Chemist: 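Take a look at this one; I'll ask things after.
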Amino acid sequence: MIKLFWRDVTLAVRSGGGFGLALIFFLIVVVLVPFAIGSDQIMLSKVAPGVLWLGALLACLLSLDRVFGLDFEDGTLDLLATSPIPLEGVYLAKVAAHWLTTGLPLTLAAPIYGLLFNLDFEVRQLLFLSLLFGTPALSLIGSFGSSLVLGVKRGGLLLSLLVLPLYIPTLIFGAQVARSAAIGQNFEVPLVLISIVSLITLAILPFAAAAALRINLR
Amino acid sequence: MLHGMSFSVSHGEALLVRGENGIGKTSLLRCISGLQAPKSGSIELSQTLAYAAHVDGIKGSLSVMENLQFWSHIYGGSNPKPALETYNLSDFAQRPAGNLSAGQKRRLGLARLLVTGAKLWVLDEPTVSLDAKNVLLFLRVLKDHLDGGGAAVLSSHIDLNIKMKAIDLINFKALKSDGNFEFMELLE
């Protein structure tokens, strides 16, 4: 399982793996926002936490269809399914690799991008924390989506439609944490809630994803 | 598609599945490897198996060696070097697997079977894109595998010059009635 994790990380970082794509996409979204809603400092710093969360969430979507799609196309998934590793383990290894190459870079980048909106240190700190606890859920839910749309031609679009509604709880609590400092509310409750979302998905989705993979490999 | 089928393969035996396109060879092999469930009946395995199909599951951006190392770790970590030598791939070990020719990729796919250490090989058209020389090489490796107590179930269009049980899916009914497999006696 650890080998599979490192192989996926290696594949993502090597040429054609799409590493960095999410970060640049995230940056572009963030830079576009002032053009869309105007350069009013106060308004921008009000919407910034939400915009940064939304941007990170959309950037996370970009690489999701690769999680299982590539291995399905070149037959690796068949071979993994017949190997001694359980499919639940395959899923967890792939989620971990996706988080390390997408979720973690986005988490680290968000506080830096926050500077573009002139956000306070405290807000940027909370943004970092909320993404740190929330992005695992994004990877878990997204990879599950990826296992559902295997074998569907141009599954990427369908994947977005499936996954985005499932991202809503994570987004609500995540943005709430980042906003709470700005509006003077307690940040601990939404932070606990977002961690709960991550933990529940971690407990349930490996089995759901493995079942989806088994059906799609038939 | 197929029904009323019953067979067993034990140590040192190979079973060749023959039949025209679309008759169910791949479905049968996928059922054996557990990728597909049979509609009824059961499949019992006493050994770990290694499955190899039309696509070899090779990652183009990893080197030949890295590809094999990955599979060797998945199956418990045997040294991939002898497998590379067996299939004459040592010269390409450090090359990205994406640059290999179709035949070389197939040899890499077959070398993967050696590093798995699995006793039962389930092979779907293993000789596709191999030239005559490499088909012979494959047969030699297969024979060594069988002599070493291994077993194999494979499908192939071309006649393989090795003594093994064969099951003909076209004449399947005839075979079923007497309950015996036709034995192919070919050159060794």
Side-chain angles (χ1 to χ4, degrees), chain A residues 1-21 63 65-94 96-98 101 147 150-151 153 209-218, chain B residues 26-27 29-39 43 45 47-63 65-77 80 96-99 105-106 108-110 112-113 115-125 128 153:
Chain A
M1 253 173 80
I2 293 163
K3 268 286 148 187
L4 178 61
F5 163 70
W6 280 117
R7 188 206 62 152
D8 269 30
V9 172
T10 315
L11 285 173
V13 177
R14 289 218 180 145
S15 64
F19 177 73
L21 210 70
S63 50
D65 59 334
R66 311 175 67 96
V67 173
F68 286 108
L70 291 182
D71 275 359
F72 181 69
E73 278 165 23
D74 67 14
T76 307
L77 206 53
D78 276 351
L79 305 181
L80 281 173
T82 53
S83 78
I85 308 183
L87 281 173
E88 287 84 355
V90 171
Y91 166 79
L92 284 175
K94 287 187 160 289
H98 181 261
T101 54
S147 72
L150 275 188
K153 276 250 155 67
L213 287 174
R214 267 182 217 113
I215 291 168
N216 279 323
L217 284 177
R218 254 178 217 165
Chain B
T26 297
S27 299
L29 295 180
R30 287 178 76 86
C31 275
I32 294 172
S33 28
L35 289 168
Q36 232 166 305
K39 277 253 167 68
I43 289 153
L45 294 171
Q47 294 286 347
T48 53
L49 64 81
Y51 174 74
H54 304 274
V55 275
D56 295 306
I58 291 169
K59 291 294 174 191
S61 57
L62 298 182
S63 75
M65 191 62 167
E66 284 170 323
N67 268 294
L68 269 191
Q69 264 165 352
F70 168 67
W71 288 110
S72 117
H73 280 291
I74 295 284
Y75 279 89
N99 294 351
K105 274 185 186 155
R106 176 38 55 112
L108 176 55
L110 292 172
R112 186 184 65 84
L113 296 168
V115 301
T116 63
K119 283 281 179 220
L120 174 62
W121 291 355
V122 180
L123 312 175
D124 199 355
E125 299 284 356
V128 166
V153 181

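In the text below, chain A, chain B and the rest are named by the order of the sequence lines, each starting its count at 1. In this text the structure is predicted, and so the values were computed from the model without any measurement.
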Chemist: Starting at OG1 of A:T101, measure out to CG of A:D8 and round the result to the nearest 0.5 Å.
Modeler: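 The distance works out to 8.0 Å.
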Chemist: Where on A:L4 is there a heavy atom nearer than 4.5 Å to chain B: the side chain, the backbone, both, or neither?
Modeler: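 The answer is both parts of A:L4.
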Chemist: For a salt bridge (charged side-chain N to carboxylate O under 4.0 Å, His left out) check, start with the C-alpha distance between B:K105 and A:D74, then their side-chain angles and the critical distance, and finish with the verdict.
Modeler: CA-CA 12 Å; B:K105 274 185 186 155; A:D74 67 14; over 6 Å; no
Chemist: Sort A:R7 into side chain, backbone, both or neither according to what part of it lies under 4.5 angstrom from a heavy atom of chain B.
Modeler: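 Just its side chain gets close to chain B.
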Chemist: Non-hydrogen atoms of chain A under 4.5 Å away: do they reach the side chain of B:T48, the backbone, both or neither?
Modeler: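 No part of B:T48 comes within 4.5 Å of chain A.
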Chemist: Would you please test A:E88 and A:R214 for salt bridge (charged side-chain N to carboxylate O under 4.0 Å, His left out) and show each step?
Modeler: CA-CA 11 Å; A:E88 287 84 355; A:R214 267 182 217 113; 3.8 Å; yes
Chemist: Quick check on B:Q69 against chain A: is it the side chain, the backbone, both or neither that has a heavy atom closer than 4.5 Å?
Modeler: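 Contact with chain A: none, neither part.
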Chemist: Highest number of heavy-atom pairs under 4.5 Å with chain B: which of A:L79, A:T82, A:T76, A:I215?
Modeler: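 Among the listed options, the one with the most contacts to chain B is A:L79.
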Chemist: So do B:R112 and B:N67 actually touch side chain to side chain, heavy atoms under 4.5 Å?
Modeler: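 Side chain of B:N67 against side chain of B:R112, heavy atoms only: no contact under 4.5 Å found.
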Chemist: Under 4.5 Å from any heavy atom of chain B, what part of A:I85 do you find: side chain, backbone, both or neither?
Modeler: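 Contact with chain B: side chain only.
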Chemist: Name the option with the most non-hydrogen atom pairs under 4.5 Å to chain A; the candidates are B:A50, B:G57, B:C31.
Modeler: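 Highest number of pairs under 4.5 Å: B:G57.
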Chemist: Are any side-chain N or O atoms of A:D78 and backbone N or O atoms of A:L217, one a donor and one an acceptor, separated by less than 3.5 Å?
Modeler: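 Checking the backbone N and O of A:L217 against the side chain of A:D78, no donor-acceptor pair under 3.5 Å is found.
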